[in-house]
Structure formats: structure tokens, C-alpha cells
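Before any comments, here is the structure.
Computation of the quantities below employed the complete heavy-atom set of this structure, encompassing side-chain atoms and omitting hydrogens, waters and symmetry-equivalent molecules.
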Amino acid sequence: MNKFKRNIVIIGASSSIGHAVVKNFQKNGDKVIATFNKNKPQTKYSSVRYKKLDLSSKSSIKTFAKSNNKELAKIDIIIFLPSLLPGKSLDDYKFDLIDEVININFTSQALLFKYLRKSLNNESSVLFMSSISSMRGSYDPIYAASKSAINGFVKSLAKWAAPCSRVNAIAPGLIKNSSMYLQMNEDRRKIHIDESPTKTLTSINELADIILELCDPKWSNLNGQIININGGSFV
């Protein structure tokens, strides 16, 4: 008997949020394939295998999908975490950077899902990472647009991927102690906190717990939803 509960693929596992998500699933007894691009996580778990994936390369995406399909055969859960946020105004964007942001945050993930979807098990769950910026806009309009594309993609997939798979997205506000949070000055952090009626931010570990929870079978009828987690700063 297979001692692992489920086969999990986590895309973008080398991010600050990715580390916590991987830890949760392996602790749950799941078998995990987790991707990184430049920085391979140093933490080692017996049930986790790290594989390189460059989302800016079509050949890397195809190679990963092909090898992954053979290794897992059937996938129960896919978590998409990659996110590129330059934090620029439209005037500061050049064409190549626009292309890169849209590609990393949407196009490459859509392509990868296309290649992996045939390996999805019945009653599988797919979860994308959106953003509050996709709902209320942002100083960085290209980032906001790329996350809005994720929202439309999720709603479309929810229609035709069911009943085999359910597809949802999480759209969080600023995550406490994330890379984005740590790069902000104290005044910017305070603005985000003050905008929230709860006067608090979701932490990395709290978000990882939410992701694990939403993949539980009890949420089998949650499909096509953009789940806002922002304390009410956008409703």
C-alpha cells in the first residue's frame, strides 16, 4: 500500500510562501514534487523531490511536464505560486519587462497546466495564486493585469475541467514576512495594515494553512472561486 496520501505538484516552491506550503503538505503525509528555478531549497524531506523549472523557457516547461507525468502518473493537487512584481508605474515599463511579467504570472502557468491536466486524477484540485491587485487595481498595472488574467483563466477552467477537477484561486492582500513585505519600508506596511478593517495581515504560515485546508475533499463543491483574503480592505 502506498504510504502517501496524495500526489502534489507545487510550482514556485522556492518562494517564501512556497517553503511553508511544501512543509505543510509533506507533514500531511503527501508525496510532493516542488519546483525551483535558480535557488534550490536546502530543506530536505523524504517525501519531497525538488525539480528545476524555468517558467521563462517553453522547453523547460515541456520537459518538466513530460518527466512529471511519468513520475507521478496521476496528480491529485497542483498549486501554482509563481509571481513577479516589479512594482513599477506604466511609464517605467519597457516592452521586455511587460512581456516577462505577463509570461511568468500567467502565460507560462497556463501552458504548464495545459501539459499537466491530462495527468490529473478524478476529484483533483488546482489552486492558483492571484492578488488583491487583480480586484481593486494597483500602482503596478501590468502586475494587476497579469493577476486578472489568472482570475479569468480560473473561472473558465472551472466550467470545463469539472467534474474531474475543481479550480480556484486565492487573492491575498500583503502577506506578513513575505519577500514583498520585507522589501517594503515601514510606512508602506502601515498603509496596508490601516486599510484593513481587521488591522492585521495574514502571515505566511496562515496562508499555507489555508492552502492546505482548501485542498481537503470537504471543499469538493468549491469551484471557480477567487478567494479574497485581505481583512476586508477590498470587498
Side-chain angles (χ1 to χ4, degrees), residues 4-55 64-65 68 71-72 75-85 104-106 108-109 112-113 116 119-121 124-132 134 147 150-151 153-154 157 165-183 201-219 222 225-230:
F4 298 113
K5 295 180 180 179
R6 302 169 296 186
N7 290 330
I8 317 293
V9 175
I10 300 174
I11 308 300
S14 60
S15 66
S16 54
I17 295 171
H19 290 298
V21 174
V22 169
K23 182 179 180 180
N24 267 6
F25 279 105
Q26 68 81 30
K27 188 177 181 180
N28 191 57
D30 296 313
K31 181 179 180 180
V32 179
I33 287 182
T35 75
F36 69 96
N37 182 16
K38 296 178 180 178
N39 301 311
K40 183 177 181 179
Q42 298 302 307
T43 305
K44 294 183 179 180
Y45 302 110
S46 60
S47 60
V48 179
R49 181 173 179 183
Y50 288 101
K51 301 182 74 172
K52 182 174 174 58
L53 171 63
D54 182 0
L55 288 176
F64 170 79
N68 191 71
E71 185 169 345
L72 285 182
I75 302 170
D76 296 299
I77 297 167
I78 306 177
I79 309 293
F80 288 90
L81 298 174
S83 188
L84 177 61
L85 173 58
I104 296 300
N105 291 354
F106 172 66
S108 62
Q109 296 182 50
L112 182 56
F113 177 80
L116 292 178
S119 295
L120 283 167
N121 228 331
S124 57
S125 176
V126 182
L127 191 64
F128 287 86
M129 186 61 66
S130 183
S131 168
I132 189 174
S134 69
K147 292 301 184 178
I150 286 289
N151 296 354
F153 190 58
V154 163
L157 292 181
S165 304
R166 59 188 183 90
V167 185
N168 297 284
I170 292 179
L174 180 65
I175 303 302
K176 186 176 181 179
N177 293 329
S178 65
S179 298
M180 187 187 307
Y181 175 92
L182 295 175
Q183 290 170 4
L201 301 176
T202 302
S203 71
I204 288 176
N205 288 334
E206 288 169 343
L207 182 60
D209 288 345
I210 291 168
I211 289 173
L212 180 67
E213 169 69 19
L214 292 176
C215 293
D216 190 279
K218 70 165 127 332
W219 293 98
L222 181 72
Q225 301 304 304
I226 313 301
I227 303 166
N228 293 297
I229 304 172
N230 57 55

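- Partners of Glu206 under the salt bridge (Lys or Arg N to Asp or Glu O under 4.0 Å) rule, at least two apart in sequence or in another chain, do not exist in this structure.
- Side-chain atoms of Pro172 and Ile210, non-hydrogen and from C-beta on, never get closer than 4.5 Å to each other.
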**Request:** Show the numbers, then the answer: is there a side chain to side chain contact (heavy atoms under 4.5 Å, CB included) between Phe80 and Leu112?
**Result:** CA-CA 10 Å; Phe80 288 90; Leu112 182 56; 4.0 Å; yes
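- Phe128 has its side chain within reach of Leu157: a pair of non-hydrogen atoms, C-beta onward, lies under 4.5 Å apart.
- Within the model, atoms CD1 of Ile33 and CD1 of Ile10 stand 10.5 Å from one another, a figure rounded to the nearest 0.5 Å.
- At least one side-chain heavy atom of Pro82 sits less than 4.5 Å from a side-chain heavy atom of Ile11.
- Of all the heavy atoms in Ser14 and His19, the pair that sits closest is O-NE2, 3.3 Å.
- For Gln42 against Lys40, the heavy-atom pair with the smallest separation is NE2-O, 3.0 Å.
- Minimum heavy-atom separation, Ile17 to Ile204: CA-CG2, 4.0 Å.
- With hydrogens and angles ignored, the 3.5 Å screen pairs no side-chain donor or acceptor of Asn24 with any backbone N or O of Leu212.
- Val154 and Ala169 get closest at one heavy-atom pair: CG2-CB, 3.9 Å.
- Between the Gln109 side chain and the Ile104 main chain, a donor and an acceptor come within less than 3.5 Å of each other.
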**Message:** Apply side chain to side chain contact (heavy atoms under 4.5 Å, CB included) to residues Lys27 and Tyr45 and explain how you reach the verdict.
**Reply:** CA-CA 9 Å; Lys27 188 177 181 180; Tyr45 302 110; over 6 Å; no
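- In plain terms, the two heavy atoms of Asn7 and Asp76 that are nearest each other are N-OD2, 2.8 Å.
- To the nearest 0.5 Å, atoms NZ (Lys31) and CZ (Arg49) are separated by 8.5 Å.
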**Message:** Walk me through whether Ser16 and Ser178 qualify under side chain to side chain donor-acceptor pair (under 3.5 Å).
**Reply:** CA-CA 6 Å; Ser16 54; Ser178 65; 5.2 Å; no
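- Under a 3.5 Å cut-off, the side chain of Lys5 and the backbone N or O of Asn28 do form a donor-acceptor pair.
- A heavy-atom distance below 4.5 Å is found between the side chains of Phe64 and Val9.
- Note that the OH atom of Tyr50 and the NZ atom of Lys44 stand 11.0 Å from one another [nearest 0.5 Å].
- In the displayed structure, Lys52 atom NZ is contacted under 6.0 Å by more than 12 heavy atoms of other residues, nucleotides or ligands.
- Proximity of a side-chain donor or acceptor of Ser130 to a complementary backbone N or O of Ile170 within less than 3.5 Å is not detected.
- Here CG of Leu174 is found 9.5 Å from OG of Ser131. Values are rounded to the nearest 0.5 Å.
- Of the possible donor and acceptor atoms, none in the side chain of Asn230 sits under 3.5 Å from a partner among the backbone N and O of Ile132.
- Rounded to the nearest 0.5 Å, atoms CD1 (Ile78) and OG (Ser119) are 8.0 Å apart.
- When side chains are defined from C-beta on, Tyr181 counts as touching Leu201, because their heavy atoms get closer than 4.5 Å.
- Side-chain contact between Ile175 and Met180 is absent, with no heavy atoms from C-beta onward closer than 4.5 Å.
- Within the model, atoms CD1 of Ile227 and CD of Gln225 stand 7.0 Å from one another, a figure rounded to the nearest 0.5 Å.
- The two residues Leu214 and Arg166 make their nearest non-hydrogen contact at O-NH2, 2.6 Å.
- Looking only at side-chain heavy atoms (C-beta outward), Leu207 and Met129 come within less than 4.5 Å of each other.
- Side-chain atoms of Ile77 and Phe25, non-hydrogen and from C-beta on, do get closer than 4.5 Å to each other.
- In this structure a side-chain-to-backbone donor-acceptor pair under 3.5 Å is missing from Asn105 to Lys147.
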